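Reviewing the structure listed below.
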Amino acid sequence: MSTNRTFTMIKPDAVENGHIGAILEKIAASGFKIVAMKYTQLSLREAQEFYAIHKERPFFGELVEFMSRGPIVAAILEKENAVEDFRALIGATNPADAAEGTIRKMFATDISENAVHGSDSDENAAIEGSFHFAGREVY
Ligand code: CMP
């Protein structure tokens with residue numbers, strides 16, 4: 001059963017480039033309700049833990065260095081069909097392949113610095129959301 005929630009991070013590249021406001025605007029305009037949100041920074045260890053599923057990938061080192069190099073915005077979003085609709089809103093992992101009007105097309109740098117994260121399943125949305133938020137921080 002769908003939980004109607006997904007988890008997102010505005011990644012360090014988009015924060016550095018001043019895109020927090022524009023990205024949140026687009027998320028809200030697309031019908032997502034923010035039920036939890038914080039401005040925070042992952043330590044290298046926390047990034048390794050968050051992305052443990054990718055630890056055998058050749059880009060793992062680059063990924064965790066990047067994700068811990070500066071602050072991020074972490075949020076839990078609510079909408080009917082949230083996981084799938086949010087992945088459509090952000091576009092393909094590689095911004096070069098992302099459709100016009102998607103967040104990655106508009107704000108991402110390249111495949112490794114791709115502006116935003118979106119959970120790929122309801123199960124991972126729940127795991128990733130509870131990595132960043134205690135129950136009482138979710139409204
Ligand atoms: P995301 O889907 O948020 O989580 C996994 C991340 O790994 C992905 O975003 C990309 O930022 C990164 N990633 C995926 N493929 C590559 C790649 N080929 N090279 C570098 N980073 C990648």
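One-based numbering, in listed order, for ligands and for the atoms of each. Numbering of residues begins at 1 and proceeds along the displayed sequence. Not measured: the values here are computed from a predicted model.
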| said: Checking Lys79 against Asn4 for the side chain to side chain donor-acceptor pair (under 3.5 Å) test, could you report, in this order, the C-alpha distance in whole Å, the side-chain angles of both residues, the deciding distance, and whether it holds? | reply: CA-CA 5 Å; Lys79 182 183 184 292; Asn4 293 335; over 6 Å; no
Which protein N or O atoms sit under 3.5 Å from any N or O of ligand 1? Give each pair with its distance.
unit_1, atom_1, unit_2, atom_2, d
ligand 1, 3 (O), Lys11, NZ, 2.9
ligand 1, 3 (O), His117, ND1, 2.8
ligand 1, 9 (O), Lys11, NZ, 3.0
ligand 1, 9 (O), Asn114, ND2, 3.4
ligand 1, 11 (O), Lys11, NZ, 3.3
ligand 1, 11 (O), Ile111, O, 3.2
ligand 1, 11 (O), Asn114, OD1, 3.4
ligand 1, 11 (O), Asn114, ND2, 3.4

| If you look only at pairs with a residue in residues 42-55, which of them pass as a side chain to side chain donor-acceptor pair (under 3.5 Å), with sequence neighbours excluded? | Ser43-Glu46
| task | Please check if the side chain of Glu84 supplies one atom and the backbone of Asn81 the other of a donor-acceptor pair under 3.5 Å. | result | no
| said: Determine whether a donor-acceptor pair (N or O, by modelled atom type, separation under 3.5 Å) exists between the side chain of Lys26 and the backbone of Gly101. | reply: yes
| field | By ring-ring contact (aromatic ring centres under 6.0 Å, His included) - contacts of His132 (at least two apart) | value | Phe7, Phe50
| said: Suppose the criterion is ring-ring contact (aromatic ring centres under 6.0 Å, His included): which pairs have a residue in residues 64-100, not counting sequence neighbours? | reply: Phe32-Phe86
